[in-house]
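This chain uses plain numbering: 1 for the first residue, then up along the sequence.
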Amino acid sequence: MSHHRAIATVFAVHGAIAGTVSTRIPWIQDHLALDPGTLGLALLCPPIGAFLGMPMAGRVAYRFGSRAATRVLLAVWCVTLALPALAPSPGWLFAVFFLSGVGAGMSDITMNAHAVVLERRLGRSIMSGLHGMWAVGSLAAGGVGTLAAQAGVDARIHLGVAAAVLLVVHGLAGRGLLRDGEAGGATPDAPAPRRFALPSRAILPLGLVGFCAVFAEGASANWAAVYLTHVTDAGPGVAAAGYTVLMLCMAGTRLMGDRVIRLLGPVTTVRVGGIVAALGGVAVVTARTPALGMAGFALIGLGVAVVMPLVLAAAGNAGTNATEGVTGVATITYMSGMVAPPVTGWLAGTLSYPAAFTVITGVVVAMTLLARVVRPSGGAPRRLSAEGSLVGTRD
């Protein structure tokens, strides 16, 4: 298996774990007789675990190597996939979800840092396609989970089998990753990353661009169906389709995004994407029919899809250590994903749904104006000229 296919499979496995567990939350709630408040607290544990684990990923990758860290951390998350359905009480569920979040967040950092180094080695953009594979894995696993739930398959069996299958697939893919000496993401004389790496000042502008993109994505994903229901009078099926259309547009765009990035360059790609997303925001705000609202959410998905992969690649190339740069940006953007849904809900409740998405459109405009910060640094993907010398990519 080639290095590129190996890391693409790793991304798909990561997405599949997320997609699998999300489909069995209702079973877990019924099995443990959880009220909505207790379930809400349980679902808060994975993001807390990820948020606390991410800043430590750089040190782990430095100590054991990017390849080894990715293989072990993602294996841990594969194993934890089977545990929520086995939890005997809410307290154990909290602990399992917290551990799951740590594995998810830390493996997310190491695999993205590993991908940055491979992208640099190949001399061409691959990050967008890898994030597209994550979405494919999530959607495919979600589909399987939906069928399992519909067929009444016990979640303990479903999650156990899924964990075993994904663990095997990940194990096979892990063999094809770059060796630790090649993929550490640091220059030979680079200092060890901090034990708990918070974002550096140099990373903050990139983090802000990522924050804007993830905020628009998170708000749209969580509120598309509700918006279409309350503002455009869409029925339940049509409203739910708004989320599906958004995610399909994001997945498809990411799978094709690397070609666009190679053609336009990172800065222009972000600017064009921002304009498309802003037009989508305008369509959502002005929509009074389901069709226009769904079209608006589709444009938002198309516009922000490749921004996060570009930001992660730029952060990984911004310093001497790819993992630390990715960690800094991911910590900021993960926080954005956590706050976007409640902030959107507060704005909608205080003002109105259209007013809330007017603010989100403004966030997208801010992202567009900051696009220049994703310009490749010296460590960005490069290619060989006809004479054999290294030349930079566009932008």
For the student: nearest non-hydrogen atoms of [X] and [Y], plus distance:
X      : Y      : result
Gly281 : Thr361 : CA-OG1, 3.3 Å
Ala173 : Ala6   : O-CB, 3.3 Å
Val311 : Val374 : CG2-CG1, 4.2 Å
Ala69  : Val60  : CB-CG1, 4.1 Å
Ser89  : Leu32  : N-CD2, 4.0 Å
Ala277 : Val364 : CB-CG1, 3.5 Å

message: Would you say that more than 12 heavy atoms from the other residues, nucleotides or ligands in this model lie under 6.0 Å from the CZ of Arg288, or not?
response: yes
- prompt: Is atom OH of Tyr334 surrounded by more than 12 heavy atoms (other residues, nucleotides or ligands) closer than 6.0 Å?
  reply: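 For Tyr334, atom OH is crowded (more than 12 foreign heavy atoms under 6.0 Å).
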hydrophobic_cluster_shared for [Y] and [X], side chain cutoff 4.5 Å:
X      : Y      : answer
Val343 : Val365 : no
Leu41  : Trp92  : no
Leu83  : Leu166 : no
Val72  : Val117 : no
Leu279 : Val285 : no

Between [X] and [Y], is there a donor-acceptor pair closer than 3.5 Å when you use the side chain of the first and the backbone of the second?
X      : Y      : value
His170 : Arg71  : yes
Thr80  : Trp77  : yes
Arg262 : Ser125 : yes
Ser128 : Arg254 : yes
Ser352 : Ala348 : no
Ser100 : Val96  : no
Asp108 : Ala104 : no
Arg67  : Gly176 : no

Are any non-hydrogen side-chain atoms of [X] and [Y] less than 4.5 angstrom apart?
X      : Y      : value
Thr110 : His114 : no
Val307 : Val214 : no
Pro84  : Leu93  : yes
Val238 : Met294 : yes
Thr9   : Met133 : no
Leu370 : Pro205 : no
Ser220 : Tyr227 : no
Met250 : Val304 : yes

Enter the distance from [X]:[atom1] to [Y]:[atom2] here, rounded to the nearest 0.5 Å.
X      : Y      : atom1 : atom2 : result
Ile17  : Trp134 : CD1   : CH2   : 10.0 Å
Leu159 : Leu86  : CG    : CG    : 8.0 Å
Thr286 : Leu292 : OG1   : CG    : 5.0 Å
His131 : Met308 : NE2   : CE    : 7.0 Å
Met335 : Phe215 : CE    : CZ    : 11.0 Å
Leu302 : Thr253 : CG    : OG1   : 4.0 Å

- request: Walk me through it: do Ile7 and Val10 pass the test side chain to side chain contact (heavy atoms under 4.5 Å, CB included)?
  value: CA-CA 5 Å; Ile7 192 63; Val10 166; 4.2 Å; yes
- prompt: Using 30° and 60° as the class limits, which term best fits the ring planes of Tyr353 and Trp223: parallel, tilted or perpendicular?
  reply: tilted
message: Please evaluate residues Val245 and Phe297 with respect to the criterion side chain to side chain contact (heavy atoms under 4.5 Å, CB included), reporting the C-alpha separation (whole Å), side-chain torsions for both, the decisive distance (0.1 Å), and the verdict.
response: CA-CA 8 Å; Val245 168; Phe297 285 115; over 6 Å; no
- prompt: Would Arg124 and Asp258 satisfy side chain to side chain contact (heavy atoms under 4.5 Å, CB included), going step by step from the backbone distance to the final call?
  reply: CA-CA 8 Å; Arg124 56 186 173 87; Asp258 291 315; over 6 Å; no
query: Going through the distances and angles, do Val226 and Tyr243 end up as a side chain to side chain contact (heavy atoms under 4.5 Å, CB included)?
result: CA-CA 10 Å; Val226 177; Tyr243 169 81; over 6 Å; no
